[in-house]
Trainee: 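Structure incoming, see below.
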Amino acid sequence: MIQITLPDNSIREYPEGITGLEIARSISEGLARNVLAAKVDDQVWDATRPIMKNAHVKLLTWNDAEGKSTVWHSSAHLMAEAIEALYPGTKFGIGPDIENGFYYDIDLGERSISDADFKAIEDKMLELARKDQKYLRKEISKAGALEFFTTKNDEYKLELINDLQDGEITLYESGAFTDLCRGPHLPDTSVIRAVKVLSVAGAYWRGDEKRKQLTRVYGISFPKQKELTEYLTLLEEAKKRDHRKLGKELELFTFSQRVGSGLPLWLPKGAALRERLERFLKEVQRKAGYVQVITPHIGNVELYKTSGHFQKYGKDSFQPIKTPVEGEEFMLKPMNCPHHCEIYTSKPHSYKDLPVRIAEFGTVYRYEQSGELHGLTRVRGFTQDDAHIFCRPDQVKEEFMGVMDIVLHIFRALDFKDFTAQISLRDPNDKEKYIGSDENWEKAESAIVEAVEAKGMKATIEMGEAAFYGPKLDFMVRDAIGRKWQLGTIQVDYNLPERFELEYAGNDNQKHRPVMIHRAPFGSMERFVAVLIEHCAGKFPLWLAPEQVVILPISEKYVNYAKKVLHLLDNYEIRGRVDDRNEKTGKKIRDAELDKVPYMVIVGEKEENENSLSIRKQGVGDLGTQSIEAFATMMKDEIKKMTE
RNA sequence: GCCGAAAUAGCUCAGUUGGCCAGAGCAGCUGAUUUGUAAUCAGCGGGUCGGGGGUUCGAAUCCCUCUUUCGGCUCCA
């Protein structure tokens with residue numbers, strides 16, 4: 001007998017070789033029907049795999065993330081079986097579960113799959129699923145596995161097997177499809193009752209762009225049709241928040257083929273929004289001891305040779321432009337740091353001056369591959385809310401924490417709660433890739449880790465993700481449909497101060513090298529505004545709304561009063577306009593609601609007579625009548641609360 | 001850059017298998033109406049069907065090519 005400890009810490013005795021499924025059955029038939037896999041001592045196992053010794057066991061159902069993963073992983077196999085049946089001779093790469101669903105990378109040879117084929121694949125999957133096929137786990141020797149896939153002529157599987165150790169190789173067989181797989185899988189296909197093939201895309205084999213591009217088929221599955229329908233509805237709703245759609249509807253920005261792809265044009269309302277954000281951050285930075293500078297949009301190539309960027313990124317940048325007479329070469333500014341280094345060196349510094357914090361909303365241009373451009377989140381010309389802090393080595397940690405305060409302050413003011421922090425350190429196995437001494441790297445890396453700890457912030461640590469010149473801390477958020485984007489960044493740099501030979505006089509009257517911290521709390525105005533739009537679905541917080549109020553006169557007779565109100569509100573720095581179109585009030589309200597203007601002010605005979613306003617809040621409705629002063633004060637209070 | 005898909009009026013879209021002068025709603029313009037919390041009515045203008053080339057008696061529709069956009073991959077100082 002073996003002892004099984006369940007999550008409630010109760011201990012039950014079972015014969016050796018008991019399975020998760022049998023344990024579930026011993027508790028209740030209902031549980032047994034719902035169990036998808038079993039977590040055995042922190043490893044997810046097939047529910048049908050025998051447990052041979054004492055263990056902690058958690059039975060996993062659809063309500064557990066690992067339960068869902070198991071369903072999706074098994075669904076990937078099911079889809080592969082369907083594809084093999086429909087497209088005989090297909091070769092298979094890998095087919096994992098992902099955050100929402102699963103995919104399988106396949107090589108169809110000369111054939112291809114398009115949207116029109118999805119239905120047939122779905123139907124085949126459901127047909128196979130209804131057979132309640134079992135997933136059978138088989139341990140196999142390396143030689144046996146190689147022989148099996150050689151016979152099957154599956155070169156991708158053979159490559160994968162060659163990287164595996166003998167004795168750790170398992171196959172899973174379900175119906176007519178056998179796959180090289182670590183598992184775990186469902187007991188059988190009876191759980192898979194609703195499937196959807198979502199999209200196809202190209203994907204390089206093993207993520208290497210020099211290797212063959214396979215066809216990646218994405219799908220998702222659910223135990224019930226109702227859950228699939230709900231998921232698809234949710235996806236549709238999320239698409240309505242897409243910043244590209246809202247940016248067009250709300251007239252925030254546009255693109256022009258003639259200007260060039262990846263080069264956003266900010267429309268008046270978008271520019272107003274962006275300017276608000278810039279003003280807000282400038283004020284925060286002023287209080288934190290930053291000084292603003294302005295530098296040109298181009299720089300001599302020598303500048304980037306000094307910084308090292310030319311050697312590293314020159315080929316992948318917009319190519320230098322030349323002066324017609326002298327033949328001098330200039331590059332479009334791809335980053336602001338070299339310019340700021342030159343500002344630092346424009347006068348001598350004492351240790352008493354440091355830290356020097358140089359800030360600029362600097363517009364930079366980077367050549368992004370055409371297929372990478374994406375709305376406002378990935379563009380070729382963008383403005384960084386950049387600043388470079390030049391400080392003494394002993395000030396790094398404190399400065400780093402100061403920057404984190406600014407980032408967190410901004411996220412709080414904009415109600416960003418779902419961000420994650422990522423610490424990027426150097427790859428310890430490939431130190432050659434990085435510039436700078438071991439000692440400096442270790443100092444900088446520990447400064448970041450300690451600062452994050454001191455702030456009580458949760459952060460993931462990624463080895464090998466550091467920039468070539470230093471480690472960094474990035475803040476990531478998700479867009480409407482779940483894609484991750486990097487916003488704010490804080491990077492320590494020991495490299496540029498060397499290359500630009502930056503120095504300060506210490507209290508020993510010797511020359512010392514400052515440390516540089518690059519930081520951009522928003523990241524770029526473009527990407528930040530994009531994420532902000534999706535975050536609030538276009539309903540900006542009052543202090544940022546391009547128009548805070550629209551005044552709606554009931555008829556032509558009250559347009560003068562409406563204009564007077566607008567003027568009075570303007571004295572309170574409240575932005576708005578009068579809708580004096582020859583339309584009914586209902587129409588004006590509808591249009592203001594669709595424009596997502598936070599407040600509507602309706603004025604007619606009654607309001608003009610008693611010098612008052614009828615207030616309507618966007619998305620809420622009629623708030624009743626208020627005096628102009630009371631309304632203005634209410635707005636000002638609401639704004640103050642948000643930006644403090 | 002790579003794989004796949006798409007591009008019709010300012011916007012959202014219809015336009016079967018090639019065949020009247022390419023349509024609708026919204027927006028716009030003109031007029032009527034003077035309006036009270038999510039769409040007043042009528043009339044009018046607007047398209048080289050993304051650009052170029054080809055097949056055909058005939059192309060928005062089929063083929064080639066370029067551009068842009070979308071979904072991924074790769075990349076991201």
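The figures here come from the full heavy-atom set of this structure, side chains too, leaving out hydrogens, waters and symmetry mates. Below, read A as the first sequence line, B as the second, and so on, with proteins coming before strands; counting in each chain starts at 1.
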Trainee: Ignoring the backbone of Gln213(A), work out which of A77(B), U40(B), C2(B) is nearest its side chain.
Mentor: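 For the Gln213(A) side chain, the nearest candidate turns out to be C2(B).
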Trainee: May I have the distance from Arg483(A) (atom CZ) to C76(B) (atom C1'), rounded to whole angstrom?
Mentor: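 After rounding, the reported distance stands at 16 Å.
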Trainee: In whole angstrom, what separates Lys312(A)'s NZ from C76(B)'s C1'?
Mentor: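 That distance rounds to 12 Å.
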Trainee: Give a yes or no on whether a donor-acceptor pair under 3.5 Å exists between the nucleobase atoms of C75(B), that is its base, and the side chain of Arg378(A).
Mentor: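 Such a pair is found, so the answer is yes.
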Trainee: For Ala203(A), which contact category applies under a 4.0 Å heavy-atom criterion: base, sugar-phosphate, or nothing?
Mentor: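 Sugar-phosphate: the residue Ala203(A), judged by heavy atoms under 4.0 Å, touches backbone atoms but no base.
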Trainee: Taking the side chain of Glu605(A) as heavy atoms from C-beta outward, which of C73(B), G36(B), A39(B) is closest to it?
Mentor: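 Closest of the options to the side chain of Glu605(A): G36(B).
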Trainee: Quick one: which of U37(B), C73(B), G72(B) gets closest to the side chain of Ile602(A)?
Mentor: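 So the side chain of Ile602(A) is nearest to U37(B).
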Trainee: Using the closest heavy atom to pick a nucleotide of RNA chain B for each, name whichever of Ile554(A) or Tyr365(A) lands nearer the 5' end.
Mentor: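 By nearest-heavy-atom nucleotide position, the 5'-most residue is Ile554(A).
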Trainee: Counting only Watson-Crick or G-U wobble pairs whose two distances fall under 3.5 Å, which nucleotide matches A24(B)?
Mentor: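 Its partner is U12(B) (Watson-Crick or G-U wobble, both distances under 3.5 Å).
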Trainee: Does any donor-acceptor pair link the side chain of Gln257(A) with the base of U67(B) at a separation under 3.5 Å?
Mentor: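 For Gln257(A), whose side chain was compared with the base of U67(B), there is no donor-acceptor pair (under 3.5 Å).
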Trainee: Taking all atoms of both residues into account, what is the closest heavy-atom pair of Ser614(A) and Glu607(A), and its distance?
Mentor: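 So the two residues come closest at CB-OE2, 3.4 Å.
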Trainee: Need one value for Glu583(A): base, sugar-phosphate or nothing, where a base atom within 4.0 Å counts as base even if backbone is also close, heavy atoms only.
Mentor: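 Base: the residue Glu583(A), judged by heavy atoms under 4.0 Å, touches a nucleobase.
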Trainee: Measure from CD1 on Ile481(A) to C1' on C70(B) and round the result to the nearest Å.
Mentor: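 Going from Ile481(A) (CD1) to C70(B) (C1'), I get 10 Å.
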Trainee: Within the 4.0 Å heavy-atom criterion, would you say Asp591(A) contacts the bases, only the backbone, or no part of the nucleic acid?
Mentor: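 Here Asp591(A) touches no strand at all.
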Trainee: Reckon Arg616(A) has a side-chain N or O less than 4.0 Å from the OP1 or OP2 of A38(B)?
Mentor: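 Checking A38(B) against Arg616(A), a side-chain N or O does come within under 4.0 Å of OP1 or OP2.
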Trainee: Looking for any heavy atom pair under 4.0 Å, which part of the strands does Tyr103(A) touch: base, sugar-phosphate only, or nothing?
Mentor: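 Since no nucleic acid heavy atom lies under 4.0 Å of Tyr103(A), the category is nothing.
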Trainee: Can you confirm whether Glu605(A) is buried at CD, in the sense that more than 12 heavy atoms of other residues, nucleotides or ligands lie under 6.0 Å from that atom?
Mentor: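 Atom CD in Glu605(A) is not crowded, with 12 or fewer foreign heavy atoms closer than 6.0 Å.
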Trainee: Specify the separation, in whole Å, of atom CG of Asn336(A) and atom P of A77(B).
Mentor: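 Value for this atom pair: 15 Å.
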Trainee: Checking all strands, does His374(A) fall into the base, sugar-phosphate, or nothing category for heavy-atom contacts under 4.0 angstrom?
Mentor: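 Sugar-phosphate contact only.
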Trainee: Evaluate whether atom NZ of Lys539(A) has more than 12 neighbouring non-hydrogen atoms of other residues, nucleotides or ligands under 6.0 angstrom away.
Mentor: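 At most 12 heavy atoms, drawn from other residues, nucleotides or ligands, come within 6.0 Å of this atom.
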Trainee: What is the separation between atom CG on Leu594(A) and atom P on C26(B), rounded to the nearest whole Å?
Mentor: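 Rounded to whole Å, this separation is 14 Å.
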Trainee: For the side chain of Tyr204(A), counting heavy atoms from C-beta on, which of U37(B), C73(B), C76(B) is nearest?
Mentor: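 The closest nucleotide is C73(B).
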Trainee: Out of C2(B), U68(B), U34(B), which nucleotide sits closest to the side chain of Ser555(A)?
Mentor: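 Among C2(B), U68(B), U34(B), the one nearest the side chain of Ser555(A) is U34(B).
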Trainee: Please determine if Lys557(A) and Glu608(A) form a salt bridge, counting it only when a charged side-chain N lies under 4.0 Å from a carboxylate O.
Mentor: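 Salt bridge: no.
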Trainee: If only atom types and distance count, is the side chain of Lys588(A) paired as donor or acceptor with the main-chain N or O of Arg581(A) below 3.5 Å?
Mentor: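 Such a contact is found between Lys588(A) side chain and Arg581(A) backbone.
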Trainee: Expressed in angstrom and rounded to an integer, what is the separation of Asp579(A) atom CG from G36(B) atom P?
Mentor: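 Checked: the CG to P distance equals 15 Å.
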Trainee: Does A32(B) have a Watson-Crick or wobble partner in any strand here, with both distances under 3.5 angstrom, and which is it?
Mentor: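 Result: U40(B).
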Trainee: Need one value for Gly207(A): base, sugar-phosphate or nothing, where a base atom within 4.0 Å counts as base even if backbone is also close, heavy atoms only.
Mentor: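 Sugar-phosphate only.
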Trainee: Can you confirm whether Glu462(A) is buried at CD, in the sense that more than 12 heavy atoms of other residues, nucleotides or ligands lie under 6.0 Å from that atom?
Mentor: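 Yes, CD of Glu462(A) has more than 12 neighbouring heavy atoms, counting only those of other groups under 6.0 Å.
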Trainee: Looking across every strand, which nucleic acid part, if any, lies under 4.0 Å from Glu607(A) by heavy atom: base, sugar-phosphate, or nothing?
Mentor: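 It contacts base atoms.
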Trainee: Assess the side chains of Tyr365(A) and Lys333(A): does a donor N or O sit below 3.5 Å from an acceptor N or O?
Mentor: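 No, because no side-chain N or O of Tyr365(A) sits under 3.5 Å from a partner of the opposite role on Lys333(A).
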Trainee: Over all strands shown, is Gly586(A) touching base, sugar-phosphate only, or nothing at heavy-atom distances under 4.0 angstrom?
Mentor: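 Since only primed, P, OP1 and OP2 atoms lie under 4.0 Å of Gly586(A), the category is sugar-phosphate.
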Trainee: Only pairs with both distances under 3.5 Å count, Watson-Crick or wobble alike; so what is the partner of A5(B) in this structure?
Mentor: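 Base-paired to U69(B).
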Trainee: Heavy atoms from C-beta onward define the side chain here; which of G36(B), U34(B), A39(B) lies closest to that of Arg590(A)?
Mentor: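 So the side chain of Arg590(A) is nearest to A39(B).
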Trainee: When you measure from the side-chain N and O atoms of Lys587(A) to the phosphate of A27(B), is any distance below 4.0 Å, counting only OP1 and OP2?
Mentor: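 Lys587(A) to A27(B) OP1/OP2: side-chain N or O found under 4.0 Å.
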Trainee: Check the distance between C76(B)'s P and Asp474(A)'s CG and give it to me in whole angstrom.
Mentor: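 To the nearest whole Å, that distance equals 13 Å.
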Trainee: Any N or O donor-acceptor pair linking the side chain of Glu368(A) to the base of C76(B) at under 3.5 Å?
Mentor: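 Between C76(B) and Glu368(A), which were checked side chain against base, a qualifying N/O pair under 3.5 Å is absent.
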Trainee: Send over the distance from Lys212(A) NZ to C2(B) P, rounded to a whole Å.
Mentor: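 Answer to the nearest Å: 16 Å.
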Trainee: As a test of reading the structure: which of C73(B), A77(B), G36(B) is closest to the side chain of Lys606(A), going by heavy atoms?
Mentor: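 The answer is G36(B).
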Trainee: Does A59(B) pair with anything, Watson-Crick or G-U wobble, both distances under 3.5 Å, and if so, with which nucleotide?
Mentor: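 Pair assignment: A59(B) / none.
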